[in-house]
Amino acid sequence: LLAASSLLGQASAAGAAARPRYGGGVRVVIRDLPSSLDPASPDGWRARNILPLVFECLTQFDSQARLRPQLATRWQPDSENRRWQFWLRAGVKFHDGTPLTAESVAASLRNAHPAWTVVPSGNSVVIDSGGPQPTLPMQLALQQSAVVRRAQNQLSGTGPFAVALWQPGTRLELHAYDDYWGGRAFLDSLSITSGVGQRILAVELGKAEVAEIGPDEVGRAASPERRVAESSPNELLALVFSHAPQSSDELRIRERLAASIDRTSIVKVLLRNHGEIAWSALPNWMTGYAFLFAPDLAHVAQATAQPTPAAKMVLSFEGGGPGSQLIAERVALNAREARIPVEPSASTGNPDLRLVRIPLASPEPQLALAAVAQAVGISIASANSPDEVYSREKELLASGRIIPLAHVPQIQVIAAGVNGWHPDPFGVYRLAEVWLGSRAP
Amino acid sequence: MSLRVSGGHIIATAVLLFFAMPAAAAANWGEPARDLAQKISAVTGPGAISLEITNRSALRATDVEQVRTALMSNLQAAGVQVLKDAEAAAVQVALSENAHSLVWIAEIRQGMGSDKVVIISVPRPAGLGSLGATAALSLHRNLLWSQEEPILDATPLSGSSPEHLLVLDRDKLSLLSSTGRSWQAEQTFDIAHSHPWPRDLRGRVMFSKEHLFDVYLPGVRCQGMLTSPLSMICRDTDDPWPLADASYSVHAFYSAARNFFTGDLAPAIGNRLPAFYSAAPVPREKYVLWVLAALDGSVHLVDGINDLSLRMPWGGDVAGVRSSCGTGSQILLTELRSGAGDSLRVYEVVDRELTPAGATADFDGPVTALWSKDDGSAVAVQRNPAGGKYEAFSLSVACRE
């Protein structure tokens, strides 16, 4: 009876409490803000979680990685998947009040993809990519394909929030866009700042409602007054070499280094179990075949030829994110055990290899793999089937340029009173649906 | 009810499942099976192959059997004969999944050449749970090990490199080591006991600060010793079993001739408790609330002062897990699904009430063991009705909303 009343109580409470409230503001502290809000800027990926609040694409991925319409309502390819037509949503306005038109979309896409031919056609745009592009609708969901109106050195988007204040790299103030085509956001405003050190303090001290945190802070973050949200593992923590192996011996050294690293300790101890061991560039939740890349360690250990490097390798850990120094030290320790001298360094000078976190740009494996390859500094051919994507990934890993260590999630702590928070598998802040409840700070 | 099943019940369940299987459903997998068979035969050419199919997805055992039948039929139509010990080509098919579809992979090994991999993507059928489905929490399961003999418990040795796994069955404790893609037996320890085991044998492996690990069985305790190689000594004893990891320091006496704890605890928690199958702690700010699965099907919430009894449709086993979501501490309870295997449902304890947290894991067969682990995860064992093997899964709760 008690349990039944608990469930009934929940149901009735849900009925009463589930009606969202309008008003109020949420303050967010994140790891990085970019130097530019332009989705096409080189460091725009630093704001990949928040830019969708301001700028939207023709297509988008939903929380189950399925492609969905956004500013386009439907699309159609020709028989060769080369020429695509996208019909635009009616009634959409940029934040400066200008209506979204086929011309404005075409201008934005030409800026983002100079190699494409984009032509307005009535209430649609026709894109000719120059060759078969079966993944083109997915490419249009990438941040760099966001529809941006550029006028008088001002960027204007169509998202649920408009920019009120922008201090590059440090502060972004947004206000709800009343004319948003999808319905005005519940919140009136958002304040997003970048913070170093323990961002959880901002939430603990009541100075923020949402903060990005590292895995070492999760234990401290979870409490009745706060909750923790975690994305799917959508960043690749990896070692990236500065140059291709110059000889077969150098390639074997790198293979031995890859096999020597104790990924279990890295994930279970250093990342506090917030992540997954990686032998592949892409995580299994994205491809379904990541397990194919797990090596037969016994076979590697039995390899007789074990060349050693002529000089120690310098490992820069500056770009490795939270806990990167400890991870680099663990790598160096394992490497020494395999008679491969590796010296961790905070310097970014001219390292032999770098510990990096590579954002996986899209839930679509081919596009995510292209992003990894680009971060590594090599190009890969396009792929049109799962077999081909697997082959490209295999080639990338066989290049000797990258050693995957772990796939890691993005983690946020959220204060009590913040309702409607739906963590996205890709870590996008879907703050248009958030509202403040009675326990709002 | 669902948990303490006899072999006869399991057979009956399997038979029921067989006859309940809709014959028309096989057609659902015909097209993708044909596509995969074509890709395989394009690599192997006509001739004999060996075929092994592994399910790494949410597909149910009945679906897997239908896929197997359809795949073999299409291979045969392509001139490929599936034999048990064919030497020409060995094909390992993995029925996997990603966030939005099923992914079927065939690894083809021919002679000494490098493996060839072919992959097809299969639309996820309606009704099949998806990765990343929206829920307050999600319950992840990962197959650790399967074997013919009943598995009583399985414990990954966290922090060991390479990874190790301890698997307990009625006769032995096996130490397995990871080769990266599979486990291989490294050492086995026989379990000596002077009394016959009770029916529905249960046992538990727990880490020990003093001596690597302890194994608890009815009337028997074994201690693992950090010697080289590892060793284990067993003795008859009625020593109480730890109810949770060492930080709780609560032990319970287990009936040497039955399958439950007697209700006597050391140290005691309040008044004498009813006999129970299993227990899980829920740490609160200033005390620990214990959730007990009693023999009469009720669940007791016990804090040393109050003993609150609840009745819900659960199976009889309970385990605690830790996570970074919600209150940080969740309870897994077994539930019997009508006409099928067991489910595990995640609950949170809010104000002394068990509240469903939205996540479940469905099993094809009965869950025969469920134990909490020191690292905050849990291990569940099911008897798979297809083939009858026992399968140990690691379970962990992840945050979703």
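Note that this is a predicted model, so its numbers are computed, not measured. Below, read A as the first sequence line, B as the second, and so on, with proteins coming before strands; counting in each chain starts at 1.
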- Message: Are the side chains of B/Lys39 and A/Asp387 in contact, using a 4.5 Å heavy-atom criterion?
- Response: yes

- Could you walk me through whether A/Ser385 and B/Ile119 pass the side chain to side chain contact (heavy atoms under 4.5 Å, CB included) test, one step at a time? CA-CA 8 Å; A/Ser385 68; B/Ile119 303 171; over 6 Å; no

- Query: Is there a side-chain contact between A/Lys268 and B/Glu163 (heavy atoms, below 4.5 Å)?
  - Reply: yes

- Message: Tell me whether B/Arg109 at atom CZ has more than 12 heavy atoms from other residues, nucleotides or ligands lying less than 6.0 Å away.
- Response: no

- Query: Measuring from A/Glu230:CD to B/Ser323:OG, what's the distance to the nearest 0.5 Å?
  - Reply: 9.5 Å

- Query: Is there a side-chain contact between B/Ile105 and A/Tyr390, using heavy atoms and a 4.5 Å cut-off?
  - Reply: no

- Task: Determine the minimum heavy-atom distance between B/Ser96 and A/Asn284, stating which atoms define it.
- Result: OG-ND2, 4.2 Å

- Task: Enter the distance from A/Arg272:CZ to B/Asp375:CG here, rounded to the nearest 0.5 Å.
- Result: 14.5 Å

- Query: Side chains of B/Asn98 and A/Met286: closer than 4.5 Å at any heavy-atom pair?
  - Reply: no

- Message: The test is side chain to side chain contact (heavy atoms under 4.5 Å, CB included); show your working for B/Val117 and A/Tyr289 and say whether it passes.
- Response: CA-CA 10 Å; B/Val117 173; A/Tyr289 55 67; over 6 Å; no

- Task: Would you mind checking which part of A/Ile411 comes under 4.5 Å of any heavy atom in chain B, side chain (CB onward), backbone (N, CA, C, O), both or neither?
- Result: neither

